[in-house]
Amino acid sequence: MSNRNEINEQLSSKIEIAYPDFTQLPERIKQKFEGLPTQVNFFRMMGHSRGTYVEIIDLTNAIFKNLKLSDYHKELLVLMVAANEQCDYEWNNMFQ
């Protein structure tokens, strides 16, 4: 049972890195962030990556907003990529 507690600590969602102040970031980043329909924490944290922020948001929009696929097919693609990259390998090994 202590192993499960150790795993829970590893999976903790505690955040120790402050989000960047978007008012202090370059204008193109600030405008892209303010134009988001939903300002999720992932997009806030990506503000630390000034050189790729706009491009990551554009790629995310291309995949999840502008892509003409059903939600079912989008999820299927995510699962296929995860299976191809063997993402489940590390997850499964955490519980052994």
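Ile57 has its side chain out of reach of Phe33: every pair of non-hydrogen atoms, C-beta onward, lies at least 4.5 Å apart.
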When you look at Phe43 and Thr60, which way does the side-chain contact (heavy atoms from CB on, under 4.5 Å) test go after all the steps? CA-CA 10 Å; Phe43 295 140; Thr60 302; 3.8 Å; yes
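Not a single donor-acceptor pair under 3.5 Å links the side chain of Gln39 to the backbone N or O of Arg44. For the pair Thr52 (side chain) and Glu55 (backbone), a donor-acceptor distance under 3.5 Å is absent.
Hydrophobic cluster membership differs between Leu59 and Val54, with clusters built from Ile, Leu, Val, Met, Phe, Trp and Tyr side chains linked at under 4.5 angstrom. In the hydrophobic clustering of this structure, Tyr19 does not group with Val40; members are Ile, Leu, Val, Met, Phe, Trp, Tyr whose side-chain heavy atoms approach within less than 4.5 Å, directly or through other members. By the rule that hydrophobic residues join a cluster once side-chain heavy atoms approach within less than 4.5 Å of another member, Tyr53 and Met45 end up as members of separate clusters.
His73 NE2 to Met80 CE: the interatomic distance, rounded to the nearest 0.5 Å, is 10.0 Å. Atom CD of Gln31 is separated from atom CG of Leu25 by 12.5 Å, given to the nearest 0.5 angstrom. With rounding to the nearest 0.5 angstrom, the NE2 atom of His48 is 11.5 Å from the CD1 atom of Ile29. For the atom pair Asn61 CG and Lys32 NZ, the distance stands at 6.5 Å (nearest 0.5 Å).
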